[in-house]
Amino acid sequence: MEYTLFIMLLPVLMFLFLGLAGHKLKPTLAGLLGTCSLGVVTILSYFTAWTYFTAPRNAEGAYGAITVFNFQWLHFTQNLHIDLGILLDPISVMMLVVISTVSFMVHIYSMGYMHGEKGFQRYYAYLSLFTFSMLGLVVATNIFQMYLFWELVGVSSYLLIGFYYTKASAVSASKKAFIVTRFADLGFLVGILVFGYYVDSFNFQIVGASTAFHIGVVSDAARVMIPVALGLMFIGGAGKSAMFPLHIWLPDAMEGPTPVSALIHAATMVVAGVYLVARLFPLFIEFAPNVLHLIAYVGVFTAFFAAAIACVQTDIKRVLAFSTISQIAFMMVAVGVCTSVNPHQGGLGYMASMFHLFTHAMFKACLFLGAGSIIHAVHSNEMSQMGGLRKYMPITHATFLICCLAIAGIPPFSGFFSKDEILTACLEFSPVVYWMMSIIAGMTAFYMFRLYYGIFWGKEAEHEHAPHEAPANMTLPLIILAGITVGAGFIPFGQFVSANGESYLIHLDSSVATISFCIATVSILLATLIYRKPQQPIADALGRKFADLHRAAYHRFYIDEVYQFVTHKIIFGCISKPIAWFDRHVVDGFFNFLAWSSQESSWSIRGFQSGRVQQYASAFFWGIIILLSVLLYVFFGGVCA
Amino acid sequence: MEITLQNVVFAIVAAAMMLCSFLTVTTKNILRSVTYLLFTLLGTAVFYFMLDYTFLGAAQIIVYVGGVVVLFVFSILLTRSDKNLNARLQPSKILSAAIAALVGAGVFLWCMLTHNFASQVAPTGEELDMKVIGQTLLGADKYQYLLPFEAVSVLLLACLIGGVLIARKR
Amino acid sequence: MEIQLQYYLVVSCFMLACGIFGFFVRRNTLAMLIAVELMLNAADINFAAFNRYLFNDALEGHFFTLFGIAIAAAETAVAVAIMINLYRNLNSIQTKDIEDMKH
């Protein structure tokens with residue numbers, strides 16, 4: 001399986017090549033090179049998945065984890081070392097497939113979307129860098145490698161969000177994304193270090209894999225500290241996956257180009273946190289089930305919070321961003337409600353989460369790319385500039401509708417199956433969580449169809465020239481992704497991915513399925529009722545009645561303002577300013593004092609070199625007198641006249 | 001206690017020397033200063049005579065009075081300028097110099113007066129024979145000073161050349 | 001009453017003190033040289049007095065004084081030559097004018 005190295009190597013080489021020599025190439029050529037290399041990567045990923053999943057299972061009936069290679073890079077102690085390598089196991093192979101597919105689609109799409117933009121080659125270089133980083137993250141053999149690529153992903157995200165670097169809002173958004181995730185990564189790093197100290201290893205083979213494992217004898221102190229470490233590591237994951245309250249960067253990250261939003265902020269980077277929890281899942285189950293359930297509660301709150309905000313947003317990308325936050329929260333909830341690694345007895349959520357990750361990546365990427373083609377057509381992000389577009393953009397309309405139905409959870413689309421598994425897992429854990437998640441699923445259907453009607457139905461807006469359908473290189477990825485969305489629901493996911501590796505057939509719990517279908521249909525009908533027509537009297541009446549709530553939700557419940565307050569008034573005002581004062585006056589003052597005193601003392605002794613002979617003679621004379629007196633005292637002392 | 005003529009002469013000469021040396025350093029006019037120096041040097045020569053070192057006294061008069069003082073007078077006259085008379089002397093400078101002098105004098109006096117010298121009284125002076133001086137000066141035996149003599153002559157040569165070189169017209 | 005050794009020493013000490021005072025006080029460099037002469041003479045008196053009173057048989061002090069006179073004269077000559085040179089360049093032999101280094 002050594003060819004898997006090329007999956008990693010091709011993107012990074014393409015990044016270096018396009019980054020260094022790209023500006024000398026014609027844009028189209030650079031784009032083609034990037035796309036082709038990613039095509040090769042995609043083929044290799046599919047081939048890897050094929051080889052891996054058709055290979056015979058191991059003794060426990062699971063797919064064994066294969067370490068393709070593992071290179072020891074930095075040694076700390078005998079057992080603690082940072083390695084670089086490629087680990088293949090069910091979830092990493094699945095992620096390889098997801099990442100390479102979505103990235104390939106985005107590469108093709110960007111040929112059309114970014115056509116004529118300044119910095120086209122730079123864009124493709126950054127896309128390759130991102131793909132490389134994300135691929136490295138998922139095949140990490142040890143947690144430090146994951147952290148390394150985690151940071152690289154953050155850097156790529158920063159570069160891509162701030163792609164339009166002349167726009168101040170884009171620059172601020174990229175900084176915000178990087179700083180918030182970096183801040184969360186502090187927790188991640190501390191968690192890694194605590195973990196490594198107590199477990200004495202960083203490697204996933206020993207530490208955790210989706211297959212059964214044993215850590216070995218663990219001391220009592222470790223038993224107390226490992227949950228702490230896992231909790232800290234989750235904070236890092238929460239930052240990347242936009243859990244409340246670290247979600248603030250994701251809506252602003254929409255300043256980047258839309259294909260970037262599709263790739264990074266819908267399908268791949270933001271699921272890194274979920275992937276991390278899945279990677280460490282056996283550890284969570286064995287040592288920190290409470291932390292796992294805490295993750296679930298945070299996920300529930302975040303899902304509700306984001307869904308509420310999404311209901312009132314008017315910018316198409318913001319709606320999709322909050323929808324992403326909500327859906328990732330679904331995945332976190334799914335993995336958080338697990339109570340064991342046995343999928344039949346409380347471990348269903350793991351598989352459900354991974355399944356939803358897979359399907360969500362596909363349809364969310366399709367939604368974002370569709371949004372991109374709409375934005376391309378009307379040259380604006382705001383829903384007020386859209387409306388009635390179904391006449392002009394049939395392909396976009398069809399794919400968008402398919403994906404909206406998928407996200408709402410309507411069979412036979414893939415979203416229905418994956419969401420259903422999540423809801424079943426929640427029900428096994430707690431009815432309260434189940435009903436909360438069902439309501440949120442209803443809200444999801446509602447706001448997605450509000451968006452759908454707002455774009456494709458309703459009153460048409462004024463346009464300079466009639467909107468036209470996107471070119472073929474933009475609609476092709478839409479069609480492909482929509483096709484995957486249609487078919488992915490029928491993949492027997494449980495046969496490939498499950499918490500303990502056992503393959504089992506997914507069966508639908510008919511009561512859960514029926515209830516979720518009904519909730520989804522009711523929400524869609526509600527949205528149709530309110531938003532289909534150009535005049536929206538119910539919506540306006542609701543808006544007037546709940547004006548404050550509406551305003552608060554529109555401003556994302558003022559969380560950003562809270563952050564600003566805390567940062568400026570508390571951190572800057574109470575901590576930074578005194579420290580800055582201290583630094584400037586005490587620390588610098590000390591050195592200024594040293595300089596001043598040496599200057600003063602040198603000024604005062606410069607008189608010794610005055611050039612005045614009599615002064616020299618005087619010093620000479622006094623020296624003689626003193627020496628003489630000392631000598632006289634020493635040798636003839638006591639004899640005073 | 002009988003007061004001999006020698007004592008009287010000594011007292012007068014000593015007093016004159018002390019007065020003149022004081023005036024040397026306190027007078028404003030530099031030619032007067034040189035003149036007082038002249039008297040001081042003459043007094044020194046008298047002291048040598050009183051110590052029965054007649055050759056030394058003669059040498060003192062010849063070299064110092066006849067050479068050095070004349071040299072001083074010439075140099076003063078050559079380097080005369082009106083600027084010499086300007087600028088008052090600061091009292092602080094005088095005070096500090098006076099203190100230095102007094103302290104110095106104090107230390108040395110204490111040293112000399114509290115020491116028990118082997119002999120307080122001059123032996124009856126017999127005049128030093130010139131022949132002895134000559135042989136000692138140019139003799140090469142122990143306690144004889146041929147080497148220092150030659151050294152001093154070399155020094156004088158060096159000073160001669162040096163003086164000419166330094167002061168020659170460019 | 002004999003003239004005691006200390007009397008000579010007191011006189012020479014006074015001359016020395018005057019010489020020290022004059023060296024520190026005077027602004028004219030030639031006046032400083034005059035003060036130096038005073039100090040040298042004081043020392044010479046000391047040597048001669050010690051030689052006569054303490055080491056009557058030996059002649060070290062006598063010759064030391066003799067050489068001292070010779071060397072003092074040579075040194076005065078060189079110093080005066082320097083002063084002449086200085087006067088030629090700076091047109092002044094005041095100590096305040098010779099404070100700066102050559103530039």
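Computed from a predicted structure; not experimentally measured. Quick note on labels: first sequence line is chain A, next is B, and so on, each numbered from 1.
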Next on the checklist: Check this for me: Phe76(A), atom CZ, are more than 12 non-hydrogen atoms of other residues, nucleotides or ligands nearer than 6.0 Å?
Outcome noted: yes
Item to check | Shortest non-hydrogen contact between Gly104(B) and Ile625(A), atoms and distance | outcome: CA-CD1, 3.7 Å
Checklist entry - Just wondering, more than 12 heavy atoms not from Phe593(A) lying within 6.0 Å of its CZ? => result no
Checklist entry - Within a radius of less than 6.0 Å around NZ of Lys93(B), do more than 12 heavy atoms belonging to other residues, nucleotides or ligands occur? => result yes
Checklist entry - What pair of heavy atoms forms the shortest contact from Val107(B) to Ser629(A), and how long is it? => result CG2-OG, 4.4 Å
Checklist outcome for this item: Output for pair (Leu628(A) CG, Trp110(B) CH2), nearest 0.5 Å, gives 9.5 Å
Item to check | Heavy-atom neighbours of Tyr158(A) OH exceed 12 at 6.0 Å | outcome: no
